[in-house]
Peer 1: 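Shown below is the structure under consideration.
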Amino acid sequence: METGIMCYGRGAFLPEAAAAQRSTAVLSPPSISKSFSSRRLQSSSIFGESLRTVAKSSVKFSKGKSSSSLITKCEIGDSLEEFLTKATTDKGLIRVMMCMGEALRTIAFKVRTASCGGTACVNSFGDEQLAVDMLANQLLFDALTYSHFCKYACSEEVPELQDMGGPAEGGFSVAFDPLDGSSIVDTNFTVGTIFGVWPGDKLTGVTGRDQVAAAMGIYGPRTTYVIALKGVPGTHEFLLLDEGKWQHVKETTEIGEGKLFSPGNLRATFDNPEYDKLINYYVREKYTLRYTGGMVPDVNQIIVKEKGVFTNVISPTSKAKLRLLFEVAPLGLLIEQAGGYSSDGTQSVLDKVITNLDDRTQVAYGSKNEIIRFEETLYGSSRLKAGTPVGAAV
């Protein structure tokens with residue numbers, strides 16, 4: 001039997017899910033590329049435990065003029081289903097986010113129990129993969145197929161558009177990094193999944209600001225699902241409970257100032273004097289270094305701690321590695337909805353047009369003053385502030 005995802009939901013909104021709970025059938029993406037489908041994984045290698053069924057939530061409706069009007073106030077303690085039902089009336093988006101949540105829960109289990117020996121597998125970009133990468137990749141493709149609302153999907157491991165069978169009109173296209181930081185799984189560091197959701201059937205010729213949702217799953221001492229929905233204030237953290245339920249535990253709406261830094265690609269300081277100057281500023285001003293080598297936990301700490309800065313800068317001999325579609329744009333939406341800022345040096349990463357699936361960029365995420373400092377130090381001025389330079393730019 002091939003791999004699949006089973007997601008849960010209220011019958012009123014997700015009628016297919018209720019039937020799925022009573023069935024053991026699993027689905028697989030209809031058109032994964034041949035290079036990928038030849039390595040299809042068996043269900044016994046993915047699902048180390050059965051997917052649990054979560055009790056139906058009791059979402060309340062307002063008593064306004066329209067009986068279908070939803071309460072929009074999302075509260076701490078809500079389940080993922082309750083939160084999404086309050087936050088959006090788009091049943092397709094609810095379905096996608098719920099199914100991806102099921103995939104993240106299963107990936108968390110597999111990461112905890114994974115054998116971390118290297119494999120002979122390489123992706124289209126030539127990066128070495130660990131076996132757990134392939135598990136996560138397949139689970140996410142299966143989840144998007146099972147959602148029935150995803151038209152196209154692509155991943156950092158399979159960077160070609162895959163037809164998931166959903167509608168172009170009223171459906172979505174999803175790009176994801178199945179296991180960011182997989183090279184540090186064997187050291188038991190925190191790793192995660194990143195994904196962005198775009199409306200319709202396009203993943204090129206769009207910007208990060210066109211996303212309707214973005215999220216990351218963080219597999220650490222706790223497993224969390226961090227979500228941003230366009231038009232819904234804040235970035236929201238859900239904790240995976242023992243019974244398999246996602247519970248809303250934190251809302252971040254402001255990223256303040258604080259001396260916490262995560263400097264990526266430090267080799268670039270060798271021939272990028274401006275980046276070297278910025279790093280020396282952090283050290284001289286006694287910033288606290290909090291860098292894990294994984295982009296997901298380093299960016300997530302800005303949201304959780306509500307302060308800090310993450311940088312990954314290029315130089316003449318150290319080219320950009322971070323991919324705009326799979327990593328930078330989704331994390332940009334999470335940071336900016338949390339009240340922070342992002343930059344490629346001159347503009348928000350959400351304003352960068354995604355021309356090719358493999359577009360790469362440098363990036364900084366953080367509070368407003370940290371992004372001003374980043375832009376002024378590297379390029380002499382900041383779009384966020386006119387006048388006297390600050391910090392390292394002085």
Side-chain angles (χ1 to χ4, degrees), residues 180-181 184 189-190 194 208 252 254-324 327-336 338-352 359-394:
D180 186 75
I184 57 175
F189 283 16
T190 294
I194 306 168
T252 303
E254 183 179 0
I255 303 297
E257 305 305 323
K259 294 185 175 182
L260 191 72
F261 78 121
S262 301
N265 199 27
L266 283 179
R267 63 177 63 86
T269 59
F270 176 75
D271 55 347
N272 184 333
E274 287 76 22
Y275 191 32
D276 184 58
K277 185 177 182 180
L278 182 62
I279 297 301
N280 284 331
Y281 172 84
Y282 295 146
V283 174
R284 185 171 66 252
E285 293 299 316
K286 299 181 180 179
Y287 277 50
T288 299
L289 174 65
R290 287 290 182 267
Y291 180 70
T292 69
M295 190 175 182
V296 165
D298 289 341
V299 173
N300 185 56
Q301 76 173 337
I302 297 174
I303 297 171
V304 173
K305 298 294 187 182
E306 301 183 0
K307 63 182 179 180
V309 61
F310 170 89
T311 58
N312 192 292
V313 176
I314 62 174
S315 75
T317 60
S318 185
K319 306 301 182 183
K321 288 187 175 181
L322 301 179
R323 294 172 177 105
L324 180 59
E327 302 164 295
V328 175
L331 293 181
L333 186 65
L334 289 169
I335 285 287
E336 294 203 11
Y341 293 78
S342 70
S343 177
D344 70 347
T346 60
Q347 64 180 329
S348 165
V349 298
L350 295 182
D351 294 323
K352 294 177 71 68
D359 284 351
R360 307 184 186 208
T361 184
Q362 66 179 7
V363 66
Y365 303 112
S367 65
K368 183 176 182 178
N369 281 347
E370 292 297 350
I371 297 304
I372 291 173
R373 181 175 294 113
F374 172 80
E375 292 182 344
E376 288 186 338
T377 303
L378 266 64
Y379 296 99
S381 64
S382 173
R383 66 198 157 88
L384 299 175
K385 172 179 173 291
T388 307
V390 298
V394 176

Peer 1: Residues two or more places apart in sequence or in another chain: which of them pass side chain to side chain contact (heavy atoms under 4.5 Å, CB included) with Ser348?
Peer 2: Arg209, Glu336, Ser342, Leu350, Asp351, Arg383
Peer 1: Do side-chain atoms of Lys319 reach the backbone of Pro316 as a donor and acceptor pair under 3.5 angstrom?
Peer 2: yes
Peer 1: Not counting sequence neighbours, which residues clear side chain to side chain contact (heavy atoms under 4.5 Å, CB included) with Asn272? List them please.
Peer 2: Glu274, Tyr275, Val313, Ser315
Peer 1: Can you list the steps and then say if Phe310 with Met295 is a side chain to side chain contact (heavy atoms under 4.5 Å, CB included)?
Peer 2: CA-CA 9 Å; Phe310 170 89; Met295 190 175 182; 3.9 Å; yes
Peer 1: Check Ile279 against Pro263 and note the closest heavy-atom contact, atom names and distance.
Peer 2: CD1-CB, 3.6 Å
Peer 1: Not counting sequence neighbours, which residues clear salt bridge (Lys or Arg N to Asp or Glu O under 4.0 Å) with Glu327? List them please.
Peer 2: none
Peer 1: By salt bridge (Lys or Arg N to Asp or Glu O under 4.0 Å), which residues pair with Asp344, not counting sequence neighbours?
Peer 2: Lys352
Peer 1: Which pairs count as salt bridge (charged side-chain N to carboxylate O under 4.0 Å, His left out) when at least one residue sits in residues 306-316, sequence neighbours excluded?
Peer 2: Lys250-Glu306
Peer 1: Please give me the minimum heavy-atom distance between Ala320 and Arg360, naming the atom from each residue.
Peer 2: O-CD, 3.4 Å
Peer 1: Tell me whether Glu285 at atom CD has more than 12 heavy atoms from other residues, nucleotides or ligands lying less than 6.0 Å away.
Peer 2: yes
Peer 1: If you look at every heavy atom in Val328 and Tyr365, which pair is closest and at what distance?
Peer 2: O-OH, 2.8 Å
Peer 1: Looking only at non-hydrogen atoms, find the nearest pair between Val296 and Ile194 and report the distance.
Peer 2: CG2-CG1, 3.5 Å
Peer 1: Report the residues that fulfil side-chain hydrogen bond (donor to acceptor under 3.5 Å, both in side chains) with Thr361, sequence neighbours left out, ordered by chain and then residue number.
Peer 2: none
Peer 1: Listed by chain and number, what are the side chain to side chain contact (heavy atoms under 4.5 Å, CB included) partners of Phe270, not counting sequence neighbours?
Peer 2: none
Peer 1: Taking salt bridge (Lys or Arg N to Asp or Glu O under 4.0 Å) as the test, write out the residues that go with Glu257, two or more places apart.
Peer 2: none
Peer 1: Got a second to check how far Asp359's CG is from Leu322's CG, nearest 0.5 Å?
Peer 2: 13.0 Å
Peer 1: If you measure from CD on Glu254 to NZ on Lys368, what distance do you get to the nearest 0.5 Å?
Peer 2: 12.0 Å
Peer 1: How far apart are the closest heavy atoms of Gly308 and Glu370, and which atoms are they?
Peer 2: O-CG, 4.2 Å
Peer 1: State whether the number of non-hydrogen atoms from other residues, nucleotides or ligands found under 6.0 Å of Phe189 atom CZ is greater than 12.
Peer 2: no
Peer 1: Would you say Phe374 and Thr311 make side-chain contact, with heavy atoms under 4.5 Å?
Peer 2: yes
Peer 1: Closest approach of Arg290 and Asp298, non-hydrogen atoms and distance?
Peer 2: O-OD1, 3.8 Å
Peer 1: Check whether any side-chain heavy atom of Ile302 lies under 4.5 Å from a side-chain heavy atom of Ser367, and answer yes or no.
Peer 2: no
Peer 1: Can you list everything that forms a side-chain hydrogen bond (donor to acceptor under 3.5 Å, both in side chains) with Tyr341? Sequence neighbours excluded, please.
Peer 2: none
Peer 1: Applying ring pair (Phe, Tyr, Trp, His ring centres under 6.0 Å), name anything that partners Phe261, two or more places apart in sequence or on another chain.
Peer 2: Tyr282
Peer 1: If you define the side chain from C-beta out and look only at heavy atoms, does anything of Ile335 sit under 4.5 Å from Ile303?
Peer 2: yes
Peer 1: Sequence neighbours excluded, which residues qualify as salt bridge (Lys or Arg N to Asp or Glu O under 4.0 Å) partners of Asp271?
Peer 2: none
Peer 1: Under the side chain to side chain contact (heavy atoms under 4.5 Å, CB included) criterion, do Lys385 and Glu376 qualify, and how do the steps go?
Peer 2: CA-CA 9 Å; Lys385 172 179 173 291; Glu376 288 186 338; 3.8 Å; yes
Peer 1: Restricting to side-chain hydrogen bond (donor to acceptor under 3.5 Å, both in side chains), what partner residues turn up for Arg267, sequence neighbours left out?
Peer 2: Asn265
Peer 1: If you measure from CD1 on Ile372 to OG1 on Thr377, what distance do you get to the nearest 0.5 Å?
Peer 2: 11.0 Å
